Amino acid sequence: MAAIGTNINKAIQLLKEGKLVAIPTETVYGLAANALNPEAVAGIFKAKQRPHFDPLIVHLYDKKSLAKVVDHIPTLFDKLYEAFSPGPITYILPRSEAVPDIVTSGNPTVGIRFPNHPLTRELLFESGLALAAPSANPFGYVSPTTAQHVNDQLGNTIPYILDGGPSTVGIESTIIDLSEDETRILRLGGLAVEDIFEITGPIEVRNSSSNPKAPGMLSSHYAPAKKVILGDLNELIPQYREHKVGIITFSEEPQNIEPGFVRILSPAGNLCEAAARLFKALRDLDKEDVDFILAEKFPEEGLGRAINDRLKRASFNV
Ligand code: TXA
Ligand code: MG
């Protein structure tokens, strides 16, 4: 199993040697390598069994480090950066020559994020590194929101997990493409699109599995091993009466159900709190003795949109 701790110097040393380190972020835990070392980055793909067509996000301390990895900075970037970074937003920008092809899957663009977690910010600041980091889970599975989640699945393949406690946002970053004339959202995530629209005005949300620009957005993704069924619990619960089921709801105890494996994500009805608890609930129910996980549709607003997106992908079994 990997060592787990809060030793930033150890993490920096390993990363500088070309090793992998799992890092905490406010969205989900990342599996990091030095982005400018292609052999180190290759280790990420191997550890996650991730296909090489799926590009990685590069994590930076602040925008002063951008010059290393980005070719030019679109005007809209500065406004968004001032409003939302560090935080749960990833910018797709024209890449510089210095970024290895393995990071961008050969794309002319690179995804950049400034994570907002104190330990990882200290790591980025002290090391001066640019860190390529996807979510620290085997490809296709639910993203980890604690050091233990990382250890459960990747503990045998990495030397060190930097433990920053549970991720507070709990759902991956929102991805915005600033590399083309038309600005678009490519992935719904931990920053509500309503907040982004206040800066950009209304822009297209192209959060579909058919989108070739974000190949990680496959129909089936973020999925536990158990079959997830998304819909109206009042209809689903009677339909699945003959089966052992786990249940995910927003704020209310479901009616007519034996007390069992129920996860109420936010009794207070707060979508941010629900997002922060979603992945842990999916992981927990995946380990229980249930045949199916029934989940209700969340309100299609704020982080509810990203929650519905992840549940939809989790329910799309191949
Ligand atoms: O919150 C997050 O974004 C987390 C934490 C660790 O920062 N990272 C994360 O990475 O979710 P990952 O690799 O699991 O998802 C990154 C997504 C993928 O769907 C990938 O296709 C897309 O970002 N992506 C990365 N670079 C891209 C690019 N140049 N153009 C389009 N999509 C890109
Ligand atoms: Mg991922």
Side-chain angles (χ1 to χ4, degrees), residues 20-33 35 41 44-45 47-60 69-71 84-96 99-117 120-121 123-124 130-145 149-150 153-154 162 164 167-180 184-191 206-209 211-223 275-276 279 306 309-310 313-314:
L20 304 184
V21 174
I23 57 168
T25 89
E26 77 282 24
T27 59
V28 299
Y29 274 67
L31 181 59
V41 175
I44 295 177
F45 285 88
K48 277 190 61 118
Q49 297 179 312
R50 178 179 176 113
H52 281 270
F53 63 73
D54 196 2
L56 304 178
I57 295 171
V58 174
H59 298 69
L60 300 176
V69 289
V70 162
D71 180 39
F84 304 123
S85 292
I89 178 168
T90 294
Y91 310 95
I92 305 298
L93 297 167
R95 69 182 267 201
S96 79
V99 184
D101 275 337
I102 188 167
V103 172
T104 68
S105 304
N107 281 303
T109 56
V110 59
I112 303 286
R113 188 161 104 75
F114 307 89
N116 191 15
H117 186 289
T120 290
R121 278 181 61 72
L123 170 69
L124 288 166
L131 294 178
S135 52
N137 49 279
F139 184 70
Y141 196 76
V142 182
S143 296
T145 53
H149 291 167
V150 180
Q153 291 187 303
L154 298 179
L162 199 56
S167 298
T168 52
V169 173
I171 205 157
E172 302 83 354
S173 61
T174 301
I175 302 181
I176 185 164
D177 186 359
L178 302 178
S179 71
E180 298 203 26
R184 292 193 185 93
I185 304 291
L186 296 185
R187 176 174 75 180
L188 294 166
L191 179 64
R206 189 185 277 187
N207 182 59
S208 81
S209 52
N211 170 22
K213 286 203 76 177
M217 302 307 295
L218 301 169
S219 303
S220 171
H221 215 71
Y222 313 102
F279 288 162
D309 172 73
R310 299 307 188 269
R313 288 176 208 280

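Whatever order the structure lists ligands and atoms in, that order sets their numbers, starting from 1. Just so it is clear, the model here is predicted, and its values are computed rather than measured.
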Is any N, O or S atom of S143 under 2.8 Å away from the Mg ion (ligand 2)?
no
Does the side chain of Y91 come within less than 4.5 Å of S85's, by heavy atoms?
yes
Checking T174 side chain against L191 main chain: does a donor-acceptor pair fall under 3.5 Å?
yes
Do N137 and S135 get their side chains close enough for a donor-acceptor pair, meaning under 3.5 Å?
yes
Using a 4.0 Å heavy-atom threshold (strictly under), name the region of R50 that reaches ligand 1: side chain, backbone, both or neither.
side chain
Polar contact flag for K48 and ligand 1 (N/O pairs, less than 3.5 Å):
no
T109, portion touching ligand 1 at heavy-atom distance under 4.0 Å
both
The test is side chain to side chain donor-acceptor pair (under 3.5 Å); show your working for R113 and T27 and say whether it passes.
CA-CA 11 Å; R113 188 161 104 75; T27 59; 3.1 Å; yes
Are any of the N/O atoms in D54 less than 3.5 Å from those in ligand 1?
yes
Show me which atoms of ligand 1 lie under 4.0 Å from any heavy atom of S135.
8 (N), 9 (C), 10 (O), 12 (P), 14 (O)
Ligand 1 atoms nearer than 4.0 angstrom to some heavy atom of I92 are 27 (C), 28 (C), 30 (N), 31 (C), 32 (N), 33 (C)
N/O of S173 under 3.5 Å from N/O of ligand 1, yes or no?
yes
Quick one: do the S179 and R95 side chains pair a donor with an acceptor below 3.5 Å?
no
Going by heavy atoms in the side chains, are L124 and P115 under 4.5 Å from each other?
yes
Counting only N and O atoms by type, is there a donor-acceptor contact under 3.5 Å from the side chain of T104 to the main-chain atoms of P55?
no
For the residue pair N107 and S105, confirm or rule out a side-chain donor-acceptor distance under 3.5 Å.
no
Y29, any N or O under 3.5 Å of ligand 1 N or O
no
With atoms numbered from 1 as shown, which atoms in ligand 1 lie under 4.0 angstrom from a non-hydrogen atom of H59?
5 (C), 6 (C), 7 (O)
Run the contact test for T104 against ligand 1 with a 4.0 Å cut-off on heavy atoms, strictly below, and give the result.
no
Donor-acceptor contact present, side-chain Y29 to main-chain G164, <3.5 Å
yes
Between L31 and the options V150, V21, L154, the side chain to side chain contact (heavy atoms under 4.5 Å, CB included) test singles out L154
Contact region, R113 to ligand 1, non-hydrogen atoms below 4.0 Å, reads side chain
Mark up the atoms of ligand 1 that fall under 4.0 Å of a heavy atom belonging to T27, in ascending order.
1 (O), 2 (C), 4 (C), 5 (C)
Any idea which of I112, I175, V28, I57 brings a heavy atom closest to atom 22 (C) of ligand 1?
I175
Backbone or side-chain N or O of R187 under 3.5 Å from ligand 1 N or O
yes
